[in-house]
Q: 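Shown below is the structure under consideration.
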Amino acid sequence: MSHELPKTYDPSAIEVRWAEYWINEKLFSVKTPEPGSDAAKLPVFTLLLPPPNVTGRLHMGHMLNQTEMDIIMRWRRMSGYLTLWVPGTDHAGIATQMMVERQLATEGVTRQNLGRDAFIERVWKWREHYGGAILGQMKRLGVSVDWDREYFTMDENLSRAVTEVFVRLHEQGLIYRGNYIVNWCPRCQTAISDLEVVHEDYAGKLYQIRYPVSGDHSQSLTIETTRPETMLGDTAVAVNPRDDRYKALHGKKLLLPLLNREIPIITDELADPEFGSGAVKVTPAHDPNDFQAGLRNNLLQINVMDEQARINENGGPYAGMDRYEAREKILHDLTQQGLLVGIKDHSYAIGKCDRCKTIVEPRLSTQWFIRIQPLADRAIEAVEKREIVFTPENYAKTYFEWMRNIHDWCISRQLWWGHRIPAWHCSACHHITVARTAPASCQQCGGSALVQENDVLDTWFSSALLPFTVFGWPEKTRDLDVFYPTQLLITGFDILFFWVARMIMMGCHFMADHPQGSVPFKEVYIHALVRDAERQKMSKVKGNVIDPIEVTEKYGTDAVRFMLASMASPGTDIAFSESRTDGYRAFANKIWNAARFMFMHLDRVGGVSITGGAPKDAQNNLENRWILSRLNHVAGTVNQSLTEYRFDEAANTVYSFFWGEFCDWYLEIIKPRLTGSETEARSALAFLGYVFEAALRLLSPFMPFITEEIWHAMYEGKPPSKSISLTRYPQCDPKALNNDAEQQMALIQELIVNIRNLRAELKVEPKEKTGVRIHAGADIEKLVNENRSMLERLANVDDTQFVPESLAKEKISRATAQFEVALVYEQKIDVAAETERLTKELNKNKPLLSGAEARLSNQQFLSKAPPHVVEGLKKQVEELRVVIERLQRRLDELK
RNA sequence: GGGCGGUUAGCUCAGCUGGUUAGAGCGCCUGCCUUACAAGCAGGAGGUCCACGGUUCGAGUCCGUGACCGCCCACCA
């Protein structure tokens, strides 16, 4: 048997294979543990995948999100948790319907041609063929989700739960139906919620229009409006009751221009005396504020637009025109009649449909709403009481801000694709029956001519329920007992209100009596945005979108994951860095080659098997004590960092450990032993294998593919378990920490670096060995003598002498506080270069010394600073004095 | 109109409760194809931490003001 690993690291060759293996072996599928079973005793860690749209394709945001989730889940799984990660897709009402309608359009068909049932059937077919491509992409990324539990928000069981929730909320008086101003998208031809409206600054105009007093055309009121076309629906003009200018007009009527309809002058707080003339037109059917004013004053509501925002029959001569066409015509007509008094520039925000960017029309229509306040109150409390904790913490503030100013949620959509509202209209008496299943007869009149509500629910209605519906709610299931609440939610801030806040409201409401708490998750980690290299937001329009699958294929999934993790510091956006990704591919390559190096020696010597335990005789040399101590330190740091979601810290720690310490120093140090006698090599390899295996486990959550590949190779195809992801994550063992070893090793490293420095300075040929003389304390002499071959090998030295006298006068020497070292080398030195270096060094150190001295002579500092700081500074001053004195003397000698 | 975040090396970012000489990756310069790795090794240069003021023995770190960049929320005609 030998340890098989191809010569070159080719990520694509290994990644697809392991991704498939993990799925086929069902490594991440979790069976619900039976009560009393061993599995039931494990701590549980549940995570819900934010369901991507069924129409979606993977983008960098998904990749970051999934990388972070996968790191946490692999780490928790390896740390002994029963780890369940539930994937699924969202039916994405509007998005999907648009997609299919577009497809129909190419066939020259509209959904109306097809009819509702046939259209929906068509959507299901579409989903079968094209939907969920994103899940395939996720599989390529190797995310450790439980594919056996994959859900779709329109699945039968989830749809039943949606109905149940709707009916219960209705029974509780938390869902109502009514005629209100809603945001209406004239293109999608449906109502949308406040959240689905995006506001954009718009440099518009303010039109001043004169409304003559009815019966007395010498008098008039001038109003200002940004939307003259809505005047067709005016049913009053308001002035402020305290506005003395208009007292004489109270109770009089105005003649609405163009339509010549009489409208009353009313007094209402709606009118701000400071704004314009102080008089404001009131259009209850087309403006939310006017709507409220209309209710207060019992005004007529005249809807002047149809569902496509064209002027309807109430618009007189303008009927049939588009709203903006009508605006132009109206302005033209007003000008002709001398009623357009002025036009001012006025910038304001206009609302656009989040989905199609059409300007939203506030429109009076009958919709279904959730009375949100009672749900919001509890959801606010849950975060206030830290039943749910946000990372970064300031998102809690954003959350409160929104929750405390929340409006009722319009949940009905005039679409076909989605959960149809479980309400039935009686044709006879118009009573509406809300029920779990189609009622046989009308609740009120007993009539049997019932028609189901046409509207469907907002997509976010069903996704708000997922934390409990995926576990079988409303049934009382074992899954709910075990897996609810989920531990963590990782998602982007863009859906904080759409999804996160609503899950909290619904979870708290419907799971109120759950023994483990009602909240749907205990922690929320909000991840940052992935931007392009120029820190621009990625967008299709700008054409700067980076396709994760493309870069994954170019650099390897492991490298892209590591890049994302290494930059994922909470609250900071990530500028996608191709060079950095390339750097992490180099890191993967480094790991690969380190493995090949080890395997080469394992195969040469034979008879060494990796057992996963530290060999007993491991501690009798410095480098082993050192690397073991470092490994444990690093394990401690990584575990701590991941607990705090410091992916960057965790990744950087394990990176510099593996490359900077394990490869650069440890492997170099043990090389002679590996090539020495077989006994010696076996002993070295046993320990090397132990450290390497632990390092692989440490790396595994970040780079699951390469670590899996090497880990299996390490065991020559006979690993102790099916996957490295099922082994235990390294923990910090305090007994393995060894400060002495770390300090001793640091000193030797410093010595070696200083010698290398001297050699570089003198341009000593790399192949040529030199002698060194060292002046230092007895303990250092002892340490160096014990590790002499290590020092000489790594510093390219053939003779090491300890001398009792100071080496300060030596031309070719370096010094630290602990030692002086000089090169035995006959070559002349470059006086100019050396002078420059020494001067620079001197100039750097002098101000440090004077600064430190000044502080030490400051009584305030001495009395107030903690002792260890004062001591540290004293020591520093001593060291600096020595160093500066030496530098000065060397400079003098060179002259 | 409210609220939030950022400004540290040429570039992208760390720097956790204030404490010895501010770090990393990439890029740059010098020298090495040293049989694990040139996707590498060794060495090096490079920063008045946006500005001003304050608190403190001590500020990249805390407070205030300003500048610049960015984000979110919002029914002022």
Side-chain angles (χ1 to χ4, degrees), chain A residues 7-9 181 183 194 199 206 223-227 238 270-272 275-276 279-283 287-292 346 348-349 351 362 392 394-395 397-398 401-402 405 407 493-494 496-497 529 533 535 537 563 566-567 569 571-580 582-601 641 644 646 648-649 652 655-656 660 663-664 667-668 671 753 756-757 759-761 763 765-767 794 796 844-845 847-848 851-852 855 858-866 868-877 879-880:
Chain A
K7 200 168 208 158
T8 45
Y9 166 60
I181 295 272
N183 305 295
D194 293 347
H199 294 274
L206 199 54
I223 57 90
E224 297 191 355
T225 181
T226 56
R227 304 205 48 206
L270 176 70
D272 173 5
F275 191 96
V280 58
K281 72 197 238 348
V282 188
T283 323
D287 181 278
N289 287 319
D290 293 9
F291 175 77
Q292 291 301 330
H346 185 69
Y348 53 96
N394 62 300
Y395 278 106
K397 269 196 248 173
T398 312
E401 193 67 29
W402 187 72
N405 296 296
H407 292 90
F493 65 83
D494 51 332
L496 182 60
F497 307 136
L529 211 64
R535 309 201 89 261
K537 243 184 188 172
M563 185 277 293
S566 77
M567 300 184 82
S569 166
T572 311
D573 285 349
I574 293 172
F576 182 88
S577 166
E578 192 142 348
S579 67
R580 214 164 148 144
D582 199 32
Y584 290 120
R585 184 184 56 155
F587 179 50
N589 187 54
K590 187 78 182 175
I591 301 169
W592 188 264
N593 280 294
R596 283 182 52 233
F597 172 72
M598 177 174 70
F599 291 165
M600 183 178 86
H601 290 288
S641 299
E644 296 163 9
R646 289 302 306 262
D648 58 331
E649 212 172 72
N652 292 330
Y655 175 92
S656 55
C663 289
D664 288 349
L667 289 184
E668 292 304 324
K671 265 182 186 173
V753 168
R756 284 173 178 167
N757 260 313
R759 290 174 54 96
E761 210 175 290
K763 304 206 187 318
E765 281 294 314
K767 280 173 196 140
L794 297 184
N796 221 353
K844 200 172 89 184
N845 281 305
L848 292 177
R855 257 187 292 165
N858 183 333
Q859 274 313 315
Q860 297 272 37
F861 172 73
L862 293 176
S863 59
K864 290 192 180 173
H868 76 273
V869 173
V870 177
E871 280 313 303
L873 200 60
K874 278 183 182 163
K875 211 174 144 196
Q876 190 205 348
V877 164
E879 290 173 11
L880 278 169

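In the text below, chain A, chain B and the rest are named by the order of the sequence lines, each starting its count at 1.
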Q: For G18(B) and C37(B), measure between their C1' atoms and round to the nearest Å.
A: 43 Å
Q: Tell me what R646(A) touches on the nucleic acid: a base, only sugar-phosphate, or nothing, going by heavy atoms under 4.0 Å.
A: sugar-phosphate
Q: Within the structure shown, what part of the strands sits under 4.0 Å from P362(A) by heavy-atom distance: base, sugar-phosphate, or nothing?
A: nothing
Q: Confirm from the modelled atom types if K590(A) and C37(B) form a donor-acceptor pair under 3.5 Å, side chain to base only.
A: yes
Q: Taking the side chain from R855(A) and the backbone from L862(A), do they hold a donor-acceptor pair closer than 3.5 Å?
A: no
Q: Run the side chain to side chain contact (heavy atoms under 4.5 Å, CB included) test on R756(A) and N796(A) for me, step by step, so that the C-alpha distance in whole Å, both residues' side-chain angles and the decisive distance to 0.1 Å come before the verdict.
A: CA-CA 8 Å; R756(A) 284 173 178 167; N796(A) 221 353; over 6 Å; no
Q: Could you work out the separation of U48(B) and G60(B) based on their C1' atoms and round it to a whole Å?
A: 12 Å
Q: Can you check nucleotides 9-11 of chain B for protein contacts, nitrogen or oxygen pairs under 3.5 Å, and list what you find?
A:
none

Q: Taking the same atom, P, in G19(B) and in A59(B), what whole-Å distance lies between them?
A: 11 Å
Q: If each of N858(A) and A279(A) is mapped to the nucleotide of RNA chain B with the nearest heavy atom, which maps nearer the 5' terminus, i.e. the 5' end?
A: N858(A)
Q: With P as the reference atom in both, quote the distance from C52(B) to A67(B) in angstrom, rounded to an integer.
A: 16 Å
Q: For V753(A), which contact category applies under a 4.0 Å heavy-atom criterion: base, sugar-phosphate, or nothing?
A: sugar-phosphate
Q: Residues in side chain to side chain contact (heavy atoms under 4.5 Å, CB included) with S569(A), at least two apart?
A: T572(A), R646(A), D648(A)
Q: Apply side chain to side chain contact (heavy atoms under 4.5 Å, CB included) to E668(A) and D664(A), showing your working.
A: CA-CA 6 Å; E668(A) 292 304 324; D664(A) 288 349; 5.9 Å; no
Q: With a 4.5 Å cut-off on side-chain heavy atoms, are I181(A) and D287(A) touching?
A: no
Q: Looking at the side chain of R596(A), which of A39(B), C37(B), C41(B) is the nearest nucleotide?
A: C37(B)
Q: For Q292(A), check side chain to side chain contact (heavy atoms under 4.5 Å, CB included) against everything at least two apart and list the hits.
A: L295(A), R296(A)
Q: Write down the distance between CZ (R585(A)) and C1' (G40(B)), rounded to a whole number of angstrom.
A: 13 Å
Q: Return a single string for nucleotides 69-76 of chain B, one symbol per nucleotide in 5' to 3' order, where B is base contact, S is sugar-phosphate-only contact and - is none, cutoff 4.0 angstrom on heavy atoms.
A: -S-SSBB-
Q: Which value, in whole Å, describes the distance between the P atoms of nucleotides G3(B) and G46(B)?
A: 45 Å
Q: Within the structure provided, determine whether I591(A) and Y9(A) are in side-chain contact (heavy-atom separation under 4.5 Å).
A: no
Q: Taking atom P in both U7(B) and U12(B), compute the distance separating them and give it to the nearest angstrom.
A: 12 Å
Q: If you apply the rule side chain to side chain contact (heavy atoms under 4.5 Å, CB included), what do you find for F576(A) with M563(A), and how did you get there?
A: CA-CA 8 Å; F576(A) 182 88; M563(A) 185 277 293; 3.3 Å; yes
Q: Distance check needed: U35(B) C1' versus E668(A) CD, whole Å only.
A: 13 Å
Q: Using a heavy-atom cut-off of 4.0 Å across all strands, would you classify A575(A) as base, sugar-phosphate, or nothing?
A: sugar-phosphate
Q: Heavy-atom count around E644(A) CD within 6.0 Å, excluding the residue itself: above 12?
A: yes
Q: Using the P atom in both, what is the distance from G54(B) to C69(B), to the nearest Å?
A: 28 Å
Q: In whole Å, I'd like the distance from the CG atom of N593(A) to the C1' atom of U35(B).
A: 12 Å
Q: Heavy atoms from C-beta onward define the side chain here; which of G44(B), A39(B), A14(B) lies closest to that of N757(A)?
A: G44(B)
Q: Treating primed atoms plus P, OP1 and OP2 as sugar-phosphate and everything else as base, which nucleotides of nucleotides 20-32 of chain B get B, S or - for protein heavy atoms under 4.0 Å?
A: BB---SS------
Q: Does a donor on one side chain sit under 3.5 Å from an acceptor on the other, for S566(A) and Y655(A)?
A: no
Q: Between N757(A) (side chain) and V753(A) (backbone), is there a donor-acceptor pair under 3.5 Å?
A: yes
Q: Can you check the D664(A) CG to C37(B) C1' distance for me, whole Å?
A: 11 Å
Q: Apply side-chain hydrogen bond (donor to acceptor under 3.5 Å, both in side chains) to N593(A) and R596(A), showing your working.
A: CA-CA 5 Å; N593(A) 280 294; R596(A) 283 182 52 233; 2.6 Å; yes
Q: Using a cut-off of 4.0 Å on non-hydrogen atoms, how would the nucleic acid contact of K671(A) be classed: base, sugar-phosphate, or nothing?
A: base
Q: With a distance cut-off below 6.0 Å to the six-membered ring centre and an angular limit of 45° from the axis, does K671(A) pair with F597(A) as a cation-pi contact?
A: yes
Q: What's I574(A) touching, base or sugar-phosphate or nothing? Going by heavy atoms closer than 4.0 Å.
A: nothing
Q: Step by step, would you call L496(A) with W402(A) a side chain to side chain contact (heavy atoms under 4.5 Å, CB included)?
A: CA-CA 10 Å; L496(A) 182 60; W402(A) 187 72; over 6 Å; no
Q: Taking CG from L667(A) and P from U35(B), how many angstroms apart are they, rounded to a whole number?
A: 16 Å
Q: From CD1 of I591(A) over to P of A36(B), roughly how many Å is that when rounded to an integer?
A: 18 Å
Q: How is the base pairing of RNA chain B summarised as a dot-bracket string, given the Watson-Crick and G-U wobble criteria with both distances under 3.5 Å, [ ] for crossing and | for another strand?
A: (((((((..((((.....[...)))).(((((.......))))).....(((((..]....))))))))))))....
Q: Starting at CD of E761(A) and ending at P of G43(B), how long is that distance when rounded to a whole Å?
A: 13 Å
Q: L862(A) has an atom CG; how far is it from atom C1' of C57(B), in whole Å?
A: 9 Å
Q: Are side-chain heavy atoms of I223(A) and V280(A) found at a separation under 4.5 Å?
A: no
Q: Do H407(A) and P288(A) touch side chain to side chain, with heavy atoms closer than 4.5 Å?
A: no
Q: Of Q860(A) and Y9(A), whose nearest nucleotide on RNA chain B comes first from the 5' end?
A: Y9(A)
Q: Sticking with atom P, work out how far C63(B) lies from U56(B), rounded to a whole angstrom.
A: 16 Å
